[in-house]
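Okay, structure first, notes after.
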Protein chains: 2
Amino acid sequence: MQEITGLELSPKKVEYLKFLLKKGDLVKTTDISNELHVDPSTTTKTITDLSESGYVDHVPYRGVRLTATGREYAEFFVNRHNILSLMLSHYGLSSEEACSEVSRFEAFVSKSAIDRICGSMGHPTVGVCGKIKHSSCSSL
Amino acid sequence: MQEITGLELSPKKVEYLKFLLKKGDLVKTTDISNELHVDPSTTTKTITDLSESGYVDHVPYRGVRLTATGREYAEFFVNRHNILSLMLSHYGLSSEEACSEVSRFEAFVSKSAIDRICGSMGHPTVGVCGKIKHSSCSSL
DNA sequence: CAAATTGTTTGGTGCCATACCAAAGATTAG
DNA sequence: CTAATCTTTGGTATGGCACCAAACAATTTG
């Protein structure tokens with residue numbers, strides 16, 4: 001199993017994986033398109049990419065589902081979002097502000113930085129954007 | 001004078017402006033290319049863009065210089081980098097780690113977030129990456 | 001100061017990420 | 001089993017960034 005650096009996927013692809021994790025199981029193209037506000041054809045193409053890279057299994061016309069690897073990444077991505085949002089909220093940003101601010105840059109923050117931040121905050125279990133799990137945290 | 005949101009320029013363009021501020025005065029294409037490790041032709045094209053957008057004045061074959069607006073942005077960009085690096089250093093990242101981590105995502109952090117973070121840290125004047133000035137800070 | 005060297009710009013291309021549209025194909029509902 | 005509803009394919013587009021080769025300007029030097 002390769003090490004997660006956190007920088008493997010582009011911002012949009014991170015969004016796809018996070019959504020797939022949230023929905024769980026077999027997810028339809030239309031669901032994704034609605035959530036991410038993109039054309040279904042864009043979703044298909046992105047899913048095809050993610051599939052070729054091993055993050056999801058795609059059964060054409062049926063749906064998509066995370067692979068074990070994809071799930072691992074998705075969990076990290078959600079955690080990263082939550083940790084960063086919690087961090088920013090400590091500097092006076094509201095939950096909503098922190099969340100939307102983080103959404104713009106989270107894809108560019110490494111796992112090693114997240115591990116440090118998480119450890120430094122005492123491995124919090126609740127954030128402003130959702131529960132924080134530490135399965136993907138390397139510095140427990 | 002328009003409000004700086006902090007999201008106006010792409011990551012690379014932010015680097016150009018920060019370097020121009022550091023060098024001051026008329027800067028040559030080759031200097032920029034060496035600093036940013038890109039082909040001189042890439043530098044020329046980017047500088048042309050920045051010039052058309054009003055951030056720099058470009059005298060072909062002579063050099064580039066920040067406009068008043070460009071300088072204002074560049075100062076904010078440097079400040080943003082310093083504030084974010086200082087923030088991350090508070091979570092156990094070394095100066096170098098904080099600096100390189102921030103370099104990857106700084107272009108996507110808004111001025112309003114920076115103002116909050118800066119205020120919340122008590123408007124520090126010294127960071128891990130350099131001095132911090134507050135001329136561009138809206139929440140003094 | 002003219003020729004040679006050096007630095008800069010232009011024009012062409014290419015890649016990645018992202019997006020849309022129209023048309024074709026598959027699935028599902030009636 | 002046809003009609004409506006996804007979904008996918010193929011084409012095209014944009015922004016950001018990069019390189020190369022060739023043309024052009026400036027500077028150095030003999």
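Sequence lines set the chain letters: A, B, ... in the order given, protein chains first and strands last, and positions in each chain run from 1. The analysis underlying the following values was restricted to heavy atoms, covering all of them including side chains, and did not include hydrogens, waters or symmetry mates.
Considering only side-chain N and O atoms, T29(A) lies nowhere under 4.0 angstrom from the phosphate OP1 or OP2 of dC6(D). The phosphate of dA18(D) (OP1 or OP2) has no side-chain N or O of H37(B) nearer than 4.0 angstrom. A close approach under 4.0 Å does occur between a side-chain nitrogen or oxygen of S10(A) and OP1 or OP2 of dT18(C).
Out of dC19(D), dA19(C), dT9(C), the shortest distance to the side chain of V38(B) is found at dC19(D). Closest to the side chain of Y61(A), out of dT27(C), dG16(D), dC21(C), is dT27(C). Listed nucleotides: dG11(C), dT28(C), dA22(C). Nearest to the side chain of S41(A): dA22(C). Closest to the T44(B) side chain, of the nucleotides dT10(C), dA26(D), dC20(D), is dT10(C).
With no hydrogens or angles considered, a side-chain donor-acceptor pair links T43(B) and S33(B) at under 3.5 Å.
Between K18(B) and E15(B) a salt bridge is recorded (basic side-chain N to carboxylate O distance below 4.0 Å). A salt bridge links R116(A) with E97(B): at least one charged nitrogen is closer than 4.0 Å to a carboxylate oxygen.
Across the protein-nucleic acid pair, D39(B) atom CG and dG16(D) atom C1' stand 16 Å apart, rounded to whole Å. The separation between I47(A) atom CD1 and dT8(D) atom C1' is 13 Å, rounded to whole Å. Per the geometry, OH belonging to Y16(A) stands 13 Å off P belonging to dA17(C), to the nearest Å. Here dT18(C) presents its P atom at 9 Å from CG of D49(A), a figure rounded to the nearest Å. Following rounding to the nearest Å, F108(A) (CZ) and dC16(C) (C1') show an atom-to-atom distance of 12 Å. Rounded to an integer number of Å, the gap from CD of E8(B) to C1' of dG16(D) is 17 Å. Here dG7(C) presents its C1' atom at 12 Å from NE2 of H58(B), a figure rounded to the nearest Å. A straight line from CG of L36(A) to P of dA19(C) spans 8 Å, rounded to a whole angstrom.
Along DNA chain C, the nucleotide nearest to K12(A) and the one nearest to P60(A) differ in position, and the one closer to the 5' end is contacted by K12(A).
Ring pair F105(B)/F108(A): centre-to-centre distance not below 6.0 Å.
The base of dG10(D) lies close enough to the side chain of K45(A) for a donor and an acceptor atom to sit less than 3.5 Å apart.
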